[in-house]
Structure formats: C-alpha cells, structure tokens
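Below is the structure I would like to discuss, written out as structure tokens.
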Amino acid sequence: MEDIVSLCKRRGFIFQGSEIYGGLAGTWDYGPLGVTLKRNITNLWWKMFVEDRDDMFGVDAAILMNQKVWQASGHTTGFNDPLVECSECKTRLRQDHIENDKCPNCGKVGKFSEPRQFNMMFKTSVGPVEDESSTSYLRPETAQGIFTNFKNVVDSIYPDFPFGMAQVGKAFRNEISPRDFVFRGREFEQMEIEYFVEEKDWEADFEKWKGEFYKWFEAIGLPKSMVHELDVPESDRAHYSKKTIDFEFDFPFGKSELYGLAYRTDFDLKNHEKSSGKKLQYTPKEGGQPFVPHVIEPTFGVDRTILAVLVACYKEDEVNGEKRSFLALPDALAPVQYVVSPLVKNKPELVKKAREVYGAMKKKYGAVLWDDNSNVGKRYRRADEIGVPKCITIDFDTLEDDAVTVRDRDTTKQTRVKISEL
RNA sequence: GCGGGUGUAGUACAACGGUUAGUAUAUAAGUUUUCCAAACUUGGGACGGGAGUUCGAUUCUCCCCACCCGCACCA
C-alpha cells in the first residue's frame with residue numbers, strides 16, 4: 001500500500017486534498033495521470049454498459065435535490081444514527097442495536113452515555129435564506145437522481161421493457177473515519193445502474209447482472225482470484241434490499257467491498273409515488289396494466305476501482321539483475337499509451353526524426369509522451385512505472401529504413417516496426 | 001469519535017536545544033552516451049500549523065491538522 005500511495009504522489013496520479021493547507025480528511029485530488037486513468041475507467045464503463053447496449057439510458061442528475069427526495073428515500077431518518085458510548089469499555093454503538101441497556105461488548109448494563117447524532121449526509125442550504133425549508137443535502141448516493149427521472153425517461157424515450165438507467169457522478173458521505181487512501185473518502189464517485197424489471201423476473205435478472213460484473217472485472221484487469229462474492233445477510237442489508245451481493249476485493253489492508261449488487265424491490269419508486277403524488281409506472285407496449293417496476297441495482301465505486309486496479313497491476317520483477325516496478329495496466333486504462341524517444345538526444349538528425357514520429361503519434365492517439373531524458377533504459381523504467389504499454393525509440397537505422405524499435409512493457413521484448421505501420 | 005503511533009526536500013530516510021539541517025533517489029541545466037535505472041559538472045528544493053518553556057526550539061511541552069495501526073461506525 002505504501003508503494004502505491006508513494007507512486008501515486010510521485011508520478012502525479014493522486015494527491016491529498018487541500019494538501020498545502022495540511023489536507024482535509026477524506027478528500028483526494030486526482031493529478032494529470034490520475035484523472036486520465038479515472039476517465040479511461042468511466043469511459044470504458046459507459047461504453048460497456050450504456051453505448052454497447054440498447055436497453056440502457058444515461059442521465060446526469062443534479063447533486064442537490066429537493067429535500068423531499070431524501071425524506072421519501074428514508075435517508076433523513078435512516079442516515080441519522082444516534083450513537084451512544086459505553087463508559088466501561090469505550091465502545092461506540094448505534095442506540096438501536098442495543099438490547100436491554102446492555103453493552104454487547106463488555107456486558108455491563110446501564111453504562112451508556114447520552115446519544116449523539118451522527119448525520120452521514122452533508123447538510124447545506126439552498127438559496128439566500130437559511131431556514132428549514134431551504135435545507136438540502138449533498139447526495140449520499142446517485143441512485144435517487146435516477147428514480148426521480150424515471151418518469152422523464154419513460155415519457156421522452158419510450159423504452160422497451162426491461163430497461164435500465166445509468167449514471168456516473170459524485171456522492172458525499174460524512175464518514176466517521178475515512179480510511180485506507182481513496183478506499184473510504186467523504187467525497188467519491190459512483191458508476192451506478194438502476195435496472196427496471198418485472199417482479200417475477202428479478203432473480204433471473206439478478207443472475208444476469210452478476211455475470212456482467214465478471215465481464216467488467218476482466219475488462220479492467222482484475223483477476224478473478226482476487227474477487228470474492230459475499231451474500232450479505234439480512235441483518236447487514238439496507239432497509240430497502242431483499243438480496244445483496246457484495247463483490248469483495250483483496251486489498252492490501254484486507255478483503256473489502258469493491259462493488260455491490262442489490263435487489264431494491266419497488267421500494268424507491270413506490271415511496272416516490274406516495275411522496276410526490278406522481279405515477280411512476282411503466283405501461284406495457286403490448287397492452288396490459290401499468291405497473292411499478294422492481295429494481296436491480298449494480299453499483300460500482302470509481303475510486304475503489306482505481307485503487308483495486310493499481311493494486312492488481314502493480315508488479316515487480318528483475319531485468320538484468322536490476323529491480324523493476326511496473327503497472328501492468330490494460331491498454332484501455334493506461335493514461336499514457338506511448339512514449340516516443342530518440343535513442344540519444346545530442347544527435348540533431350535523430351531528434352528531428354523522433355519529433356516527427358512523436359507529432360504524428362500524438363495527433364493520432366493523444367495520450368503520447370515525449371521523453372529524451374537520460375538514457376534509454378532509464379526512460380523505459382520511468383514509462384514502466386506509470387504503466388505505458390509501448391515505448392517507441394528512434395535510432396540511427398531509422399534514418400535509413402524508416403523503422404523504429406517498439407518495446408513492450410510487460411515482456412520488455414523489442415520489435416522492429418515500420419513507421420507507416422505504427 | 002476513542003486508544004496508540006507518525007509527521008524533516010517530489011519520494012525514502014538521517015542528524016541536532018546553538019555557525020550553512022545531511023544522504024540516496026527524483027528533478028532542472030550542461031558534457032557525454034548506438035537499446036533496459038552508466039559517468040561527470042552545476043543548480044533549485046524540507047523541519048505540517050500555532051502557542052508555550054528557553055538567551056536560543058526542527059529538537060522539549062501543549063493545542064490544532066493530516067496520515068498510519070487497532071476499536072467502533074459504514075445507510
């Protein structure tokens with residue numbers, strides 16, 4: 001973990017938020033390479049789950065929502081956990097988890113402090129006047145922005161059934177203790193789908209979505225052996241869910257939740273119907289009664305994905321007896337696709353030719369870096385560390401045969417390729 | 001939020017109640033270099049923040065902030 005945190009800082013992937021002021025707990029900023037890695041991940045996800053399908057529709061809802069949304073979803077009550085502390089063993093517990101005033105940790109009775117409120121939502125005030133009616137929250141999940149737009153999408157797109165809605169965006173939770181680098185932050189990004197199904201089909205669709213997760217794991221290079229399914233027992237499930245599977249990943253700090261797949265029933269749409277007075281139903285095109293769909297929710301944390309990818313791809317080996325560390329990122333995720341260099345930098349004709357190749361590659365692929373620092377071996381190592389799949393070196397032969405050396409990150413093998421075929 | 005620990009260049013570390021805070025690496029400029037971290041020269045770069053003790057604090061004390069470990073929490 002220390003290697004990864006250090007690498008992220010040194011090479012411009014991820015920095016501590018507000019660092020020059022001593023930081024702000026639970027916030028992280030993405031640097032030049034990090035933001036590209038992140039975009040590559042969200043773009044790949046969007047392509048796979050939205051663009052490549054004809055049953056999925058994207059939205060990008062506002063982070064601020066009418067406070068009634070959070071009342072209907074149960075967040076203003078369910079997210080407000082009164083905590084008490086046992087004065088004997090200093091354990092902090094949710095008040096509603098205590099039976100008979102007895103501490104489940106040390107067994108002492110009647111030793112609890114007064115309950116303190118812990119609101120997991122960031123409260124804010126919308127508009128110039130701060131009063132109760134102006135209170136809103138930074139959304140603690142992106143899902144509600146999908147439910148509140150269900151009717152809009154049905155009315156504007158007329159989708160066939162079943163269909164889903166997808167969203168990538170920020171969510172905020174005032175975590176009691178942010179931990180483990182970007183794993184648990186107070187501000188984070190989610191890639192979320194609400195897939196609407198008929199109640200009778202939920203189990204089959206749940207299984208289908210489980211399969212989709214494994215396609216995704218493969219696409220981003222997470223080995224199956226590092227992923228574990230956890231069938232979340234009822235006592236640990238959210239109030240709305242009848243079945244939840246956590247996909248846990250072997251992080252350096254232990255096996256922890258990476259993604260979740262939940263069957264949310266019709267809990268959300270039903271509550272929003274009741275609360276808003278609007279019909280949130282789907283009318284079958286082939287005729288039949290309008291109904292409130294049930295929901296399968298696959299949810300993917302972006303920041304956790306980045307951490308998992310870095311963990312899975314961080315490798316060390318030896319080249320000519322020297323230790324080498326590299327990121328074996330899948331091509332689709334690598335923030336830099338190619339590094340172009342002249343073999344040596346004090347020969348103008350080499351540099352000129354290399355600049356030409358660099359210019360052409362940059363124009364075509366965008367994520368291409370120029371590097372003429374030091375010697376070729378060092379440049380390879382530096383490129384390895386940030387996961388560049390291929391390095392291109394222009395040498396003296398290039399001036400004769402218009403071919404270059406292409407060196408592979410994972411195998412360190414070199415091949416000769418014509419410039420026209422790059 | 002509780003208990004414990006840590007905080008010194010970008011990174012990883014060192015030293016010190018007192019002259020110019022050191023090493024490696026990274027980085028910048030230059031010389032050199034014909035395929036996997038070569039060498040040399042030169043340059044820039046740090047005591048997390050604030051109080052206190054002291055003639056003098058990066059060093060000791062307290063508070064704050066952040067990070068790490070454990071506990072609890074994680075809708």
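These numbers come from the heavy atoms of this one structure, side chains and all, not from hydrogens, waters or symmetry mates. Values in this document were obtained by computation on a predicted structure and should not be read as measured data.
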| field | For atom CD1 of A/Ile392 and atom P of B/C36, their distance in whole Å | value | 18 Å

| Interatomic distance where CD belongs to A/Glu318 and P belongs to B/C36 [whole Å] |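 Answer to the nearest Å: 16 Å.
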
| note | Side-chain contact check for A/Arg10: nearest option of B/G1, B/U11, B/C69 is B/U11

| A/Lys390: which of A/Asp408, A/Thr415, A/Asp331 passes side chain to side chain donor-acceptor pair (under 3.5 Å) |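 Single side chain to side chain donor-acceptor pair (under 3.5 Å) partner of A/Lys390 among A/Asp408, A/Thr415, A/Asp331: A/Asp408.
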
| request: Among the candidates B/G70, B/U32, B/C35, find the nucleotide nearest to the side-chain atoms of A/Arg179. | output: B/G70

| message | Mind checking if A/Asp408 touches a base, just sugar-phosphate, or nothing, with heavy atoms under 4.0 Å? | response | nothing

| request: Describe, in one word, how the ring planes of A/Tyr365 and A/Tyr338 are oriented to each other, choosing from parallel (under 30°), tilted (30 to 60°) and perpendicular (over 60°). | output: tilted

| Counting side-chain heavy atoms from C-beta on, which of B/C36, B/A66, B/C69 comes nearest to A/Gln16? |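 Among the listed nucleotides, the one closest to the side chain of A/Gln16 is B/A66.
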
| message | What is the separation between atom CZ on A/Arg381 and atom P on B/U25, rounded to the nearest whole Å? | response | 15 Å

| query | Taking the inter-plane angle between the rings of A/Phe49 and A/Phe300 on a 0 to 90° scale, is it parallel (under 30°), tilted (30 to 60°) or perpendicular (over 60°)? | reply | tilted

| request: Using a heavy-atom cut-off of under 4.0 Å over every strand shown, decide if A/Gly26 touches base, sugar-phosphate, or nothing. | output: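 Since only primed, P, OP1 and OP2 atoms lie under 4.0 Å of A/Gly26, the category is sugar-phosphate.
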
| task | Starting at atom CD1 of A/Ile394, determine the distance to atom P of B/C35, rounded to an integer number of angstrom. | result | 15 Å

| note | Of B/C36, B/C35, B/G1, the nucleotide closest to the side chain of A/Val319 is B/C36

| Just checking A/Glu141: base, sugar-phosphate only, or nothing, at a heavy-atom cut-off of under 4.0 Å? |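 Counting heavy atoms under 4.0 Å across all strands, the contact made by A/Glu141 includes a base.
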
| field | Selected nucleotide, minimal atom distance to A/Asn375 side chain, candidates B/A37, B/G1, B/C67 | value |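 Comparing B/A37, B/G1, B/C67 against the side chain of A/Asn375, the answer is B/A37.
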
| The side chain of A/Thr393 lies closest to which of these nucleotides: B/C35, B/U33, B/A28? | B/C35

| task | Identify whether any heavy atom of A/Ser6 sits under 4.0 Å from a base atom; if not, whether one sits that close to sugar-phosphate; answer base, sugar-phosphate or nothing. | result | sugar-phosphate

| Nearest-Å distance, CG (A/Leu399) to C1' (B/C35)? | 15 Å

| field | Salt bridge A/Lys38-A/Glu189, side-chain N to carboxylate O under 4.0 Å | value | yes

| query | Starting at NZ of A/Lys323 and ending at P of B/C36, how long is that distance when rounded to a whole Å? | reply |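 Spelled out: NZ on A/Lys323 to P on B/C36 is 21 Å.
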
| request: Considering only atom C1', compute the distance from B/C47 to B/U59 and round it to an integer number of Å. | output: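 About 10 Å, rounded to a whole number of Å.
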
| If you check every side-chain atom of A/Ser177, which of B/C71, B/U32, B/C67 has the closest atom? |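 For A/Ser177, the side-chain atoms sit closest to B/C71.
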
| query | What's the closest nucleotide to the A/Lys378 side chain, out of B/A38, B/A28, B/U32? | reply | B/A38

| query | Using Watson-Crick and G-U wobble pairs with both distances under 3.5 Å, what is the 5'-to-3' dot-bracket string of RNA chain B, with [ ] for crossing pairs and | for pairs outside the strand? | reply | (((((((..((((....[...)))).(((((.......)))))....(((((..]....))))))))))))....

| field | Which nucleotide in B/C35, B/A37, B/U33 has an atom nearest any side-chain atom of A/Asn346 | value |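 Looking only at side-chain atoms, A/Asn346 lies closest to B/U33.
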
| message | What's A/Lys9 touching, base or sugar-phosphate or nothing? Going by heavy atoms closer than 4.0 Å. | response |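 It contacts sugar-phosphate atoms only.
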
| field | Electrostatic pair A/Arg407:A/Asp384 at N-O distance under 4.0 angstrom | value | yes

| query | Do A/His228 and A/Asp250 get their side chains close enough for a donor-acceptor pair, meaning under 3.5 Å? | reply | yes

| query | Where each residue is assigned the nucleotide of RNA chain B containing its nearest heavy atom, which of A/Gln414 and A/Glu19 is assigned the position nearer the 5′ end? | reply | A/Glu19

| field | Interatomic distance where CD1 belongs to A/Ile386 and C1' belongs to B/A37 [whole Å] | value | 15 Å

| Carboxylate-amine/guanidinium proximity below 4.0 Å for A/Asp231 and A/Lys243 |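 A salt bridge links A/Asp231 with A/Lys243.
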
| message | Among B/C67, B/A26, B/G1, which nucleotide has an atom closest to any side-chain atom of A/Ala25? | response |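 Comparing B/C67, B/A26, B/G1 against the side chain of A/Ala25, the answer is B/C67.
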
| said: Centroid separation under 6.0 Å, is that true for the rings of A/Tyr263 and A/Phe206? | reply: no

| Touch check for A/Asn320, heavy atoms < 4.0 angstrom, all strands: base, sugar-phosphate only, or nothing? |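 Touches sugar-phosphate only.
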
| said: Need to verify one output field. Residue with the more 5' nearest nucleotide on RNA chain B, A/Asp236 or A/Phe181? | reply: A/Phe181

| task | Considering only atom C1', compute the distance from B/C60 to B/U25 and round it to an integer number of Å. | result |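 Nearest-Å result for B/C60 against B/U25 at atom C1': 33 Å.
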
| Centroid under 5.5 Å and tilt under 30°, A/Tyr21 to B/C65 |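 Check failed, A/Tyr21 does not stack on base of B/C65.
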
| query | For A/Arg407 and B/A37, what is the distance between atoms CZ and C1' respectively, to the nearest whole Å? | reply |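 Rounded to whole Å, this separation is 11 Å.
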
| field | Ring geometry between A/Phe183 and A/Phe253 (parallel below 30°, tilted from 30 to 60°, perpendicular above 60°) | value |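 Judged by the thresholds at 30° and 60°, the geometry between A/Phe253 and A/Phe183 is perpendicular.
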
